[in-house]
Asker: 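Take this structure, written in structure tokens, and hold onto it; I'll ask about it next.
We name chains A, B, ... by the order of the sequence lines, and we start the count at 1 in each one.
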Number of protein chains: 2
Amino acid sequence: MSSSYVTLEQVAQHAGVSLATASRVINGSTRQVSERLREKVNASAEELGYLANASAQTLARNSSSLVGLLVHDIADPYFSSIARGVTRHTEEQGLVTVLGTTHRSTQKESTLLATLRAHRAKAIVLVGSRSTDEESNTRLIREIEAFQQQGGRVACVSQPGLPADTVNPDNHTGAAELARHLIALGHRRFAILAGPTNLSTARERLDGFHSALSAAGIELEHHNIVHGDFTRDGGFESTRRLMRLGTDATCLFAVNDVMATGAMAALRDSGIRVPQELSVAGFDDIPTLRDLTPALTTVRLPLEQMGERAAQMALETDHEGQDRTVNVQGEVLMRESTQRPAL
Amino acid sequence: MSSSYVTLEQVAQHAGVSLATASRVINGSTRQVSERLREKVNASAEELGYLANASAQTLARNSSSLVGLLVHDIADPYFSSIARGVTRHTEEQGLVTVLGTTHRSTQKESTLLATLRAHRAKAIVLVGSRSTDEESNTRLIREIEAFQQQGGRVACVSQPGLPADTVNPDNHTGAAELARHLIALGHRRFAILAGPTNLSTARERLDGFHSALSAAGIELEHHNIVHGDFTRDGGFESTRRLMRLGTDATCLFAVNDVMATGAMAALRDSGIRVPQELSVAGFDDIPTLRDLTPALTTVRLPLEQMGERAAQMALETDHEGQDRTVNVQGEVLMRESTQRPAL
DNA sequence: CTAACCTGGGAAAGAGTTTTCCCACAAGTC
DNA sequence: GACTTGTGGGAAAACTCTTTCCCAGGTTAG
């Protein structure tokens, strides 16, 4: 009663073969087993409702069917889109996805990485901006290497520079191209709703935008840059601050769509019409946010595919060479939230 | 080299004690261990970087630290909000969340449930509408019971009638109250963008709305009901269909926010102004969709807390009695997408 | 002073797989 | 007919941990 499990040994007995033979049938080993016995074992397994004990398998094989997925916040549509791509691939492969949310805490990240290591996870997909903090970065690298030592594989999304396969959106180019489109529209004075300075994604987008402005001979004034924390409310607050201080910009670039959403809300609250009085652009093309009014000009990233590709790279068994990097280009989508500036 | 792991035995040797003693120290058993040895063992574990092998523990204890979370689609903000609540609780408890996405396939649901069983998951949180299909329902119940037989615990969100603890939003009352508000605004002719008929959530919301209309002596005409599939695009298409066929309704109720979003997009495409020509209301108050224009009238559900509560119930060890049900009331939020009908 | 009782610690038996090693037997070779 | 070769099957070790059982030594009570 206490143990309502069917073990492989029971299956073997029921089929009248040895434990080893049963195992060989169940997970198709290299060794041949006669068709007769094979059928007998399969029939017994079916009849008894055999379900292999995953922890015993993991222990014996020293590798589990778990794939870790670490994101900052699963409720953030940026991450949930990527997560969907990851789960699509892992589930297709019959693997199990372990979801860990770090909420930008390197502490939690470490804990989760250790847990995944303890579970002998087969692979880990790391999503989200890498911090520029030296210390936590080297620690992260050490942990990744420890995991790889154990035979685990790692792939990252948006975290260039780690010793692992990487899916890397070209934030710099995307932002620069967006800037050029906006300049072409006639804008000359820009405000930027930047992200946390220590996150590479935020910095790359800022840099890319900035460099395109410079190339066009446009100055970006210091007081026209405010920082948000990549959340909707952060974007809202930072935009209010910008408005309170006053700005002569004709176009506001928020480095991600989620903050752009907050910005548009703040502008509406302040009675500023978008795009008539101020153009607004974002980055990511978050699917859930495509129905905002006015429709947001942005740079589309194929988030779901990025997650899928990362999972795929992390699980490719044949590849054993150098770490690979897949660069992903964004596509500028000019929509309703931007127009040529009023004279 | 092959095995770069530190085992408990190595820790024990390093500390000069037996394996059993080391284990007693590490996971604070009932048996006492002298302070001296205790410190020695802990120091050794620290020094060697001991990390317990989770699968060995699972095998020995016949219970893992895994908590399953089954949703239809992690990119759907309804589910990702709930998922956030679930992970908050599980991670707080030092447990590991396993994410499975079923995409409304009972086949995948079964597979995932079996996998979780094979891993000796400690608990499972099941999220999403229960199907009304008799056959898949009884199978689901059998699988849940099999899991419980093994000592696993189950909690559901929005799936009343299963042999498990349940967090149950009062869809009927919420929809009815919303209907009363809309009637009070002056609406008499309604169109409904209903959900898949076989999902309880969709049905309850439809029923609740309908019963409030009946109570007010308002007929709901058959041609004013269309069905979507709970997705944005489904809402879009169904609304187009509704418009093509023509409707005399002054208010459109979509049974969830995601479909309401698609409906608003379709109406805009058709040049129909919301709310001036047609009022629109949704259900859920999805956080990511709060910035739509016009702001959507809806029924707020505390999605994140619902997930958290479900996880909490699933993990409460002391509770061993009857299955509990927590009812959650929605709150009607009248916003910009509804107004009194034009005369 | 001895009997009963604690208490800390160690040996060993599982938990359910995988996998290696070896044996038995049949078939083919000279 | 003995010897090799090949093939299917079984015994047992290994994976790492938990936990029970038991023993030795010290403490207390009578």
Side-chain angles (χ1 to χ4, degrees), chain A residues 1-41 44-45 48-66 115 117-122 150-151, chain B residues 1-41 44-45 48-65 115 117-120 122 150-151:
Chain A
M1 168 68 249
S2 75
S3 144
S4 68
Y5 303 105
V6 177
T7 69
L8 190 54
E9 189 172 11
Q10 290 171 24
V11 173
Q13 276 177 5
H14 188 271
V17 302
S18 81
L19 178 56
T21 304
S23 170
R24 283 202 277 260
V25 172
I26 296 296
N27 47 34
S29 102
T30 45
R31 282 290 289 275
Q32 293 291 330
V33 175
S34 69
E35 191 54 35
R36 195 178 53 86
L37 289 196
R38 180 175 299 279
E39 274 171 17
K40 229 166 158 180
V41 170
S44 297
L48 300 181
Y50 173 67
L51 182 64
N53 182 323
S55 48
Q57 287 182 317
T58 301
L59 187 59
R61 292 188 181 138
N62 196 32
S63 175
S64 73
S65 58
L66 265 40
T115 305
R117 204 141 62 81
H119 279 272
R120 301 295 184 266
K122 170 166 289 186
Q150 297 188 172
Chain B
M1 167 67 250
S2 75
S3 142
S4 69
Y5 303 104
V6 178
T7 69
L8 191 53
E9 188 171 12
Q10 290 170 25
V11 173
Q13 276 178 5
H14 187 271
V17 302
S18 82
L19 178 56
T21 303
S23 170
R24 283 202 275 260
V25 172
I26 296 295
N27 47 34
S29 102
T30 45
R31 282 288 289 272
Q32 293 292 329
V33 176
S34 70
E35 191 54 35
R36 195 178 54 85
L37 289 195
R38 180 176 298 280
E39 275 172 16
K40 230 165 156 181
V41 170
S44 297
L48 299 180
Y50 174 67
L51 183 63
N53 182 322
S55 48
Q57 287 182 317
T58 301
L59 185 59
R61 295 189 180 135
N62 197 30
S63 174
S64 73
S65 57
T115 305
R117 205 141 62 82
H119 279 272
R120 302 293 184 264
K122 170 165 287 172
Q150 298 188 171

Asker: With a 4.5 Å limit on heavy-atom distance, are the side chains of B:Val17 and B:Lys40 in contact?
Answerer: no
Asker: Measure from CD on B:Glu35 to P on C:dG8 and round the result to the nearest Å.
Answerer: 12 Å
Asker: Roughly how many Å is it from CZ in B:Arg117 to C1' in C:dG16, rounded to a whole number?
Answerer: 16 Å
Asker: Without decimals, in angstroms, what is the distance between B:Glu9 CD and C:dA12 P?
Answerer: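 These atoms are roughly 13 Å apart.
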Asker: Considering just the side-chain nitrogens and oxygens of B:Ser34, establish if one lies under 4.0 Å of OP1 or OP2 belonging to C:dG8.
Answerer: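 So the side chain of B:Ser34 is outside the cut-off, no N or O lying under 4.0 Å from OP1 or OP2 of C:dG8.
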Asker: With side chains defined as the heavy atoms from C-beta onward, is the minimum distance between B:Thr7 and B:Asn53 less than 4.5 Å?
Answerer: no
Asker: Would you say a side-chain N or O of B:Thr58 is under 4.0 Å from OP1 or OP2 of D:dC17?
Answerer: no
Asker: Side-chain N or O of A:Gln57 less than 4.0 angstrom from OP1 or OP2 on C:dT18?
Answerer: yes
Asker: Among the nucleotides C:dG16, D:dT16, D:dT18, which one has an atom lying closest to any side-chain atom of B:Thr7?
Answerer: D:dT16
Asker: Counting side-chain heavy atoms from C-beta on, which of D:dT18, C:dT17, D:dC17 comes nearest to A:Ala60?
Answerer: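 Per side-chain heavy atoms of A:Ala60, the pick is C:dT17.
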Asker: Rounded to whole Å, how long is the line connecting atom CG of B:Leu51 with atom C1' of D:dT16?
Answerer: 12 Å
Asker: Let me spell it out: for each of A:Leu59 and B:Arg36, pick the nucleotide of DNA chain C with the closest heavy atom. Which residue's pick is nearer the 5' end?
Answerer: B:Arg36
Asker: Rounded to whole angstroms, how far apart are CZ on B:Arg38 and C1' on C:dG9?
Answerer: 13 Å
Asker: Determine yes or no for a side-chain-to-main-chain donor-acceptor pair under 3.5 angstrom, with A:Ser23 supplying the side chain and A:Leu19 the backbone.
Answerer: no
Asker: What is the distance, rounded to the nearest whole Å, between atom CZ of A:Arg61 and atom P of C:dG16?
Answerer: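 Result: 17 Å.
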Asker: Could you tell me, to 10°, how much the axis swings from one end of the helix from C:dC1-D:dG30 to C:dC30-D:dG1 to the other, five pairs per end?
Answerer: 50°
Asker: Just wondering, do B:Glu9 and B:Gln13 contact through their side chains at under 4.5 Å, heavy atoms?
Answerer: yes
Asker: Is there a donor in the side chain of A:Thr21 and an acceptor in the side chain of A:Ser18, or the other way round, less than 3.5 Å apart?
Answerer: yes
Asker: If you round to the nearest 0.5 Å, how far is CZ of A:Arg38 from CZ of A:Arg24?
Answerer: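 Here the rounded value is 10.5 Å.
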Asker: When you measure from the side-chain N and O atoms of B:Tyr50 to the phosphate of D:dC17, is any distance below 4.0 Å, counting only OP1 and OP2?
Answerer: yes
Asker: Identify which nucleotide among D:dC17, C:dG10, D:dG10 has an atom closest to any side-chain atom of B:Arg24, counting heavy atoms from C-beta outward.
Answerer: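 Nearest listed nucleotide: C:dG10.
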Asker: Taking the six-membered ring of B:Tyr5 as reference, does the cationic atom of A:Arg117 (NZ for Lys, CZ for Arg) lie under 6.0 Å from its centre and within 45° of its axis?
Answerer: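 Checked: cation-pi criterion not met.
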Asker: Nearest to the side chain of B:Asn27 - D:dT18, C:dT18, D:dT16?
Answerer: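 The answer is D:dT18, which lies nearest to the side chain.
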Asker: Is there a side-chain contact between A:Leu51 and A:Val6 in this structure, where contact means two heavy atoms from C-beta onward sitting under 4.5 Å apart?
Answerer: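 Counting from C-beta outward, A:Leu51 and A:Val6 never come under 4.5 Å.
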Asker: Kindly state which residues belonging to residues 12-21 of chain B come within less than 4.0 angstrom of DNA chain C, counting heavy atoms of the residue only, listed by number.
Answerer: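 Those residues whose heavy atoms fall under 4.0 Å from DNA chain C, taken from residues 12-21 of chain B in numerical order, are B:Val17, B:Ser18, B:Ala20, B:Thr21.
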Asker: How many Å lie between CD1 on B:Ile26 and C1' on D:dT18, as a whole number?
Answerer: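 These atoms are roughly 13 Å apart.
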Asker: Just by distance, do the side chain of A:Ser64 and the backbone of A:His119 share a donor-acceptor pair under 3.5 Å?
Answerer: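 Yes; at least one donor-acceptor contact below 3.5 Å.
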Asker: Are B:Asn62 and B:Gln57 side-chain neighbours, meaning at least one heavy-atom pair lies under 4.5 Å?
Answerer: no
Asker: Give the rounded distance in Å between these two atoms: CZ of B:Arg120 and P of D:dT16.
Answerer: 20 Å
